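None of these values were measured; they are calculated from a predicted model. Every chain is numbered from 1 and lettered A, B, ... according to where its sequence line falls, protein lines coming before strand lines. All values below were derived from every heavy atom in this structure, side-chain atoms included, with hydrogens, water molecules and symmetry-related copies excluded.
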There are 2 protein chains.
Amino acid sequence: MDRFLSQTAEYALRAMAWMALTEPETPVLARDLSEGSGVPPHYLAKILRRLVLAGLLASQKGRGGGFTLARAPADILFRDVLAAVDAYPTGDRCAFGWGACDAARPCPLHASRSALATAFREWSASTTLASVQQGAENPSVRLSAALRASALRTRARARTRAIERPATKRRRSP
Amino acid sequence: MDRFLSQTAEYALRAMAWMALTEPETPVLARDLSEGSGVPPHYLAKILRRLVLAGLLASQKGRGGGFTLARAPADILFRDVLAAVDAYPTGDRCAFGWGACDAARPCPLHASRSALATAFREWSASTTLASVQQGAENPSVRLSAALRASALRTRARARTRAIERPATKRRRSP
DNA sequence: AGATAAAAAGAGCTAGAAGTCTTTTTATCG
DNA sequence: CGATAAAAAGACTTCTAGCTCTTTTTATCT
């Protein structure tokens with residue numbers, strides 16, 4: 001094992017982190033986000049959808065569309081992001097296998113398990129997307145550069161396509 | 001999502017917790033452990049094997065055999081149990097997708113992620129099996145009762161089998 | 001209107017986790 | 001020794017997270 005959270009949860013945090021590091025209000029393409037963050041494009045699309053449904057992102061279809069943060073980074077908890085992709089553990093089922101298990105009638109594992117649950121809840125409820133914006137070496141500089149590069153690639157792709165298709169109109173099978 | 005750890009990790013902790021609550025030195029049958037803890041019997045067998053290989057349990061084959069704790073509960077960390085079933089996250093891969101990411105060159109998610117990792121490590125390295133033995137309502141009483149009942153069922157099974165097979169000797173297909 | 005560009009939807013694939021079943025090995029008892 | 005009782009081994013199945021591919025919908029631009 002090499003990670004604490006599920007792959008999907010990590011992808012969701014990664015995507016939101018990227019969003020928090022881009023120019024606010026400017027729509028970001030799923031494709032650029034995928035290339036920049038390394039999350040598989042189609043899988044990222046599904047994750048983004050869930051983040052939209054959870055009210056953390058806003059999406060705009062069609063030309064000039066893309067994704068934008070729905071709220072200020074400081075108002076988006078890690079917990080919100082995890083919950084959006086169903087990666088926020090409720091921990092309501094007893095680890096010991098008991099039907100009922102609470103503070104009143106704790107199972108032998110209850111106390112230890114609660115300690116972990118509490119630590120996790122405090123972490124995810126006290127950490128916001130704003131935390132990714134402050135770095136010792138100002139990582140946003142590097143990130144902006146990466147995204148700029150990505151945007152340049154996007155324009156390059158457009159140009160390439162324009163060249164590949166010289167004046168002839170193509171139509172897909174009817 | 002409803003749990004913090006993988007199903008296997010939870011089963012491993014559950015099994016070890018049961019072991020810590022039984023009479024020391026007295027071998028516990030995998031079957032009784034399964035019935036008592038609710039872990040599927042054959043799956044539990046595999047988990048127990050891993051715990052033996054990790055040096056946390058001792059096993060004895062044949063009649064009168066079973067499983068016993070290899071060390072005192074206070075000397076068995078939750079971390080040890082999780083590591084035995086490969087459920088101890090190393091967290092060495094960057095959550096942001098960077099190849100290199102450490103305290104020197106942290107990714108934007110590094111600090112937050114480290115906070116979680118630290119909390120988890122401290123929890124799993126400071127919690128031992130002894131923690132399951134101390135409960136406000138002395139859960140070991142209830143557990144001992146449950147195990148006693150389980151042991152009784154085992155003897156009942158033996159009796160039943162003895163009755164089902166009255167003096168005739170059966171042999172499996174050659 | 002028509003071309004284009006974006007998100008959205010949905011069907012399907014794959015590998016690994018979780019769980020089952022059967023057989024084999026090893027020990028003990030009578 | 002032979003019956004029995006336990007763990008151990010291993011093949012096999014099932015389910016689901018993660019991932020891919022294709023098509024559809026919606027918006028914008030000329």
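- For A/Lys46, counting side-chain heavy atoms from C-beta on, the closest listed nucleotide (C/dA11, D/dA6, D/dT22) is C/dA11.
- Distances were taken from every side-chain heavy atom of B/Phe67 (C-beta onward) to each of D/dA7, C/dT28, D/dT28; the shortest belongs to D/dA7.
- At C/dA17, none of the side-chain N or O atoms of B/Ser6 fall inside 4.0 Å of OP1 or OP2 (strictly under the cut-off).
- Listed by chain and number, the residues in a side-chain contact (heavy atoms from CB on, under 4.5 Å) with A/Ala45 amount to none (sequence neighbours excluded).
- Under the 4.5 Å side-chain heavy-atom criterion for grouping Ile, Leu, Val, Met, Phe, Trp and Tyr, B/Leu77 is not connected to A/Phe4 through any hydrophobic cluster.
- In this structure the side chain of B/Gln133 reaches within 4.5 angstrom of the side chain of B/Pro73, judged on heavy atoms.
- Rounded to a whole Å, the CZ atom of A/Arg14 is 13 Å from the P atom of D/dG18.
- For the pair A/Leu57 CG and C/dA6 P, the computed distance is 17 Å after rounding to whole Å.
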Salt bridge (charged side-chain N to carboxylate O under 4.0 Å, His left out) between B/Arg79 and B/Glu122: does it pass, once the steps are laid out?
-> CA-CA 9 Å; B/Arg79 182 184 60 191; B/Glu122 283 180 356; over 6 Å; no
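- If you measure from atom CZ of B/Arg50 to atom P of D/dA8, you get 14 Å, rounded to the nearest angstrom.
- At a cut-off of 3.5 angstrom, the base of C/dT24 holds no donor-acceptor pair with the side chain of B/Lys61.
- Computed from coordinates, the A/Glu10 CD to D/dA17 P distance equals 17 Å when rounded to whole Å.
- Nearer to the 5' terminus of DNA chain D, by closest-nucleotide assignment, is the contact made by B/Leu48 (compared with the other of A/Leu5 and B/Leu48).
- Closest to the side chain of A/Arg49, out of D/dG18, C/dA8, C/dC29, is C/dA8.
- Residue A/Tyr11 places at least one side-chain N or O under 4.0 Å from the OP1 or OP2 atom of D/dC19.
- A/Thr8 has a side-chain polar atom (N or O) that falls below the 4.0 Å cut-off from OP1 or OP2 of D/dG18.
- Proximity of A/Gln60 to the phosphate of C/dA5: no side-chain N or O atom is located under 4.0 Å from OP1 or OP2.
- Side-chain nitrogen and oxygen atoms of A/Ser59 include none within less than 4.0 Å of the OP1 or OP2 phosphate oxygen of C/dA6.
- Between the NE2 atom of B/His42 and the P atom of D/dC12 there is a distance of 16 Å, rounded to whole Å.
- Nucleotide C/dG19 holds its P atom 6 Å from the OH atom of B/Tyr43, rounded to whole Å.
- Rounded to a whole Å, the CD atom of A/Gln7 is 15 Å from the C1' atom of D/dT16.
- Proximity of A/Gln7 to A/Arg3: side-chain heavy atoms (C-beta onward) are separated by under 4.5 Å at one or more points.
- Each of A/Val52 and A/Arg63 was matched to the nucleotide of DNA chain C holding its nearest heavy atom; the match closer to the 5' end belongs to A/Arg63.
- The residue among A/Pro41 and A/Gly62 whose nearest nucleotide of DNA chain D is located toward the 5' end is A/Pro41.
- A 4.5 Å side-chain heavy-atom check between A/Met1 and B/Thr90 finds every atom pair outside the cut-off.
- Rounded to an integer number of Å, the gap from B/Leu44 CG to C/dC21 C1' is 16 Å.
- Here the nucleotide nearest the side chain of A/Arg31, chosen from C/dA7, C/dA6, D/dA8, is C/dA6.
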